[in-house]
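A short write-up of the structure that comes next.
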2 protein chains.
Amino acid sequence: MRDLKQSRAVQTRKKILREAAQLFARKGFHDTKVDELIKAAEVTSGAFFHHFKGKDDLAIAVIDHHMEQRGRTLDRIEKGLPEPDGSDPLELAFRRLDAACEMVVRRRNRKGGCLIGNLATALSDTRPEFRKRLGECFDEMAAEFEINLAEAAADRDLDVDSREIARYIVSVIEGAIMLSRTQRDLGLVQQQIQRLKEDIRRSFQAEVPR
Amino acid sequence: MRDLKQSRAVQTRKKILREAAQLFARKGFHDTKVDELIKAAEVTSGAFFHHFKGKDDLAIAVIDHHMEQRGRTLDRIEKGLPEPDGSDPLELAFRRLDAACEMVVRRRNRKGGCLIGNLATALSDTRPEFRKRLGECFDEMAAEFEINLAEAAADRDLDVDSREIARYIVSVIEGAIMLSRTQRDLGLVQQQIQRLKEDIRRSFQAEVPR
DNA sequence: TAAAACATACCAACCATTCGGTTTTATTTT
DNA sequence: AAAATAAAACCGAATGGTTGGTATGTTTTA
């Protein structure tokens with residue numbers, strides 16, 4: 001059980017992180033102004049700069065916080081999803097994928113895209129520190145699928161690059177989010193993830209034994 | 001044949017558009033400052049504001065110009081690619097996809113991501129006019145594949161949603177570009193597009209007749 | 001010779017950050 | 001437990017550099 005009452009400082013910090021994540025997800029890094037952030041978080045600039053060295057420092061903290069939160073949320077959603085019938089690790093990977101899809105859909109109701117995707121798009125080619133960290137985030141996302149995919153491949157005695165497929169999954173998710181924002185169509189994400197699952201299933205049925 | 005000599009005004013305008021496209025692709029909309037643009041394009045702010053009402057107006061013009069250019073470049077690259085063996089429209093779609101891949105790879109050598117993807121990420125949830133236009137751009141990209149996919153489906157008497165698949169292709173491209181920027185790995189785009197082709201090929205071999 | 005194209009100086013709003021001071025919280029002393 | 005002290009948290013006005021855009025005048029082109 002978590003502490004029921006948190007110190008004021010922790011609350012302030014968390015509120016800033018939460019609002020910043022929202023704003024970064026909706027407006028991106030460069031269009032999010034410190035001033036509007038402190039208004040949204042209902043703190044003063046003094047409080048903000050007490051907790052963070054600056055906007056860059058904040059962004060890094062937001063990323064860290066987001067990745068932790070994300071993992072927990074994903075676990076929670078996944079637990080609410082029906083157990084897969086058999087013991088096929090592929091179905092476990094798909095379950096995780098469904099959970100990710102569900103999370104995306106829930107988030108999108110508040111508008112905005114993927115926080116990591118937004119930051120990656122805005123900063124990858126100008127800020128090496130961010131590029132590196134965001135690459136790790138994508139790796140972390142992919143890693144969630146990789147193990148199960150590797151197992152599934154081993155079970156079938158298939159010679160597939162499970163890391164590559166895991167990355168592919170992340171690409172599809174990010175791409176689908178990007179498109180869904182312009183089309184204002186949340187179904188698109190679900191639709192495309194469905195297709196992705198079918199494609200992967202087929203590729204694991206194909207005869208490509210070693 | 002194009003005019004060998006263009007009026008100074010047209011040249012200026014084009015130079016601004018070209019540099020703006022580069023900057024938007026690398027740094028995104030909000031991090032591209034008018035000041036650095038006019039320096040990159042070697043024009044004065046007077047010239048810039050004579051040709052464009054402002055930054056927003058410029059962005060729209062850049063999008064239009066980019067989409068025209070893109071179509072032409074794609075056609076040119078495609079012509080340089082080997083003709084597909086049979087008369088399968090699916091192979092035509094794949095050829096177009098290879099051309100798109102080649103274009104992405106060439107561009108990425110100069111750093112930066114997809115101009116449309118960047119703008120979509122930065123503006124979709126805050127600027128409805130841009131969201132609409134960028135959605136059309138994605139539709140246009142998808143449309144290039146849709147016809148061939150529909151034909152291929154008809155040939156095989158398959159009941160598939162070719163528009164959905166076409167959009168899926170765009171998602172994968174955009175997602176792959178996003179990831180490749182953080183990983184600094186151009187091979188990733190090619191790799192993932194290869195996988196996409198295999199997946200589509202399999203899905204067109206699958207028995208899903210109507 | 002009129003209009004289009006371009007140059008230059010200028011500006012007001014914006015924006016991330018700083019800084020001196022105040023309040024709250026935690027720790028130690030009495 | 002109360003008082004004293006230290007440290008962390010917070011406040012908000014001020015700052016200085018940036019930024020998109022304008023106004024006015026000059027050159028080029030049709």
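Since we're looking at a predicted model, the values are computed, not measured. Reminder, nothing fancy here: chain letters follow the sequence lines and each chain counts from 1.
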Length of the CZ-C1' vector between F48(A) and dC11(D), whole Å:
15 Å

Residue-phosphate contact under 4.0 Å: T12(A) side-chain N/O, dC10(D) OP1/OP2:
yes

Using the salt bridge (Lys or Arg N to Asp or Glu O under 4.0 Å) rule, pick out the option among R127(A), R131(A), K132(A) that qualifies with E129(A).
R127(A)

Round to the nearest Å and state the distance from F49(B) atom CZ to dA9(C) atom P.
17 Å

Can you measure L37(A) atom CG to dT17(C) atom P for me and round it to whole angstrom units?
12 Å

Which nucleotide sits closest to the side chain of T44(A): dG12(D), dG21(D), dA9(D)?
dG12(D)

In terms of side-chain heavy atoms of K33(B), which of dA16(C), dC6(C), dT19(D) is nearest?
dT19(D)

What is the distance, rounded to the nearest whole Å, between atom CG of D35(A) and atom P of dA14(D)?
16 Å

Let me know which of V104(B), L97(B), V105(B) forms a side chain to side chain contact (heavy atoms under 4.5 Å, CB included) with I193(B).
L97(B)

Can you tell me the distance, in whole Å, between the CD atom of E42(A) and the P atom of dA9(D)?
20 Å

Would you kindly give the NZ-to-P distance between K39(A) and dC14(C), to the nearest whole Å?
10 Å

Given dA9(D), is OP1 or OP2 found less than 4.0 Å from the side-chain N or O atoms of H50(A)?
yes

Per atom distances to the S45(A) side chain, the nearest of dC6(C), dT17(C), dT22(D) is dT17(C)

For G54(B), report the nucleic acid contact type (base, sugar-phosphate, nothing); a contact means any heavy atom under 4.0 Å.
sugar-phosphate

Do D98(A) and Q194(A) make a side-chain contact, defined as non-hydrogen atoms from C-beta onward lying under 4.5 Å apart?
yes

Do L17(B) and H66(B) come within less than 4.5 Å of each other through their side chains, counting heavy atoms only?
no

